[in-house]
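A short write-up of the structure that comes next.
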Amino acid sequence: MNQKQFLFEKNDCKVYKLTVLNHSYFIVEHAGKQYIRKSSAGVNGLMKSLGEKG
C-alpha cells in the first residue's frame, strides 16, 4: 500500500510525504511539476533552487 500525506507549503511549493512498502519519499509540487526526493536535505536544496529561479 501507499500513503500520501501533506506536510507543508512554502514559497509556492507544496511538500508531501509518500510512503510505499515502508520506504518514504518526499514529493515537491511547484508550478505544475512534481519532483521526488529521498531525503529532507534533498527537499531543502530543491526548494532553495526553485525559490531562486522564481
Side-chain angles (χ1 to χ4, degrees):
M1 281 188 73
N2 60 30
Q3 180 180 351
K4 186 176 178 182
Q5 176 185 6
F6 176 76
L7 295 179
F8 64 92
E9 183 174 359
K10 183 178 177 182
N11 298 335
D12 296 328
C13 293
K14 292 182 181 178
V15 180
Y16 298 88
K17 182 177 181 182
L18 178 67
T19 304
V20 180
L21 297 174
N22 294 328
H23 294 281
S24 295
Y25 304 94
F26 296 96
I27 298 179
V28 179
E29 292 182 355
H30 178 74
K33 296 182 180 179
Q34 292 184 340
Y35 306 89
I36 188 164
R37 295 295 183 265
K38 180 68 175 154
S39 67
S40 59
V43 170
N44 291 336
L46 176 63
M47 289 180 65
K48 184 178 177 184
S49 68
L50 290 174
E52 291 172 355
K53 291 179 184 177

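Throughout, numbering of the chain's residues begins at 1 and tracks the sequence. Keep in mind the model is a prediction, meaning the values are calculated, not measured.
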Exercise. Would you mind reporting whether Val15 and Met47 have side-chain heavy atoms less than 4.5 Å apart?
Key: yes
Quiz item: Quick check: does any side chain N or O of His30 sit under 3.5 Å from a backbone N or O of Lys14, one acting as donor and the other as acceptor?
Solution: no
Self-check item: Point-to-point distance, once rounded to the nearest 0.5 Å, from CZ of Phe8 to SG of Cys13
Solution: 8.5 Å
Quiz item: Roughly how far apart are Leu50 CG and Asp12 CG, rounded to 0.5 Å?
Solution: 10.5 Å
Self-check item: Between OH on residue Tyr35 and CD1 on residue Ile27, distance to nearest 0.5 Å
Solution: 13.5 Å
Quiz item: Is the side chain of Thr19 donor-acceptor paired with the backbone N or O of Asn22 at a distance under 3.5 Å, no angle test?
Solution: no
Quiz item: With a distance cut-off below 6.0 Å to the six-membered ring centre and an angular limit of 45° from the axis, does Lys38 pair with Tyr25 as a cation-pi contact?
Solution: yes
Self-check item: Leu46/Phe26 under side chain to side chain contact (heavy atoms under 4.5 Å, CB included): CA gap, chis, key distance, verdict
Solution: CA-CA 11 Å; Leu46 176 63; Phe26 296 96; over 6 Å; no
Self-check item: Salt bridge flag under 4.0 Å for residues Lys4 and Glu29
Solution: yes
Quiz prompt | Gln3 and Leu18: CA distance, side-chain angles, deciding distance, side chain to side chain contact (heavy atoms under 4.5 Å, CB included) verdict | solution = CA-CA 6 Å; Gln3 180 180 351; Leu18 178 67; over 6 Å; no
Quiz item: Which value, rounded to the nearest 0.5 Å, describes the distance between Tyr16 atom OH and Gln34 atom CD?
Solution: 8.5 Å
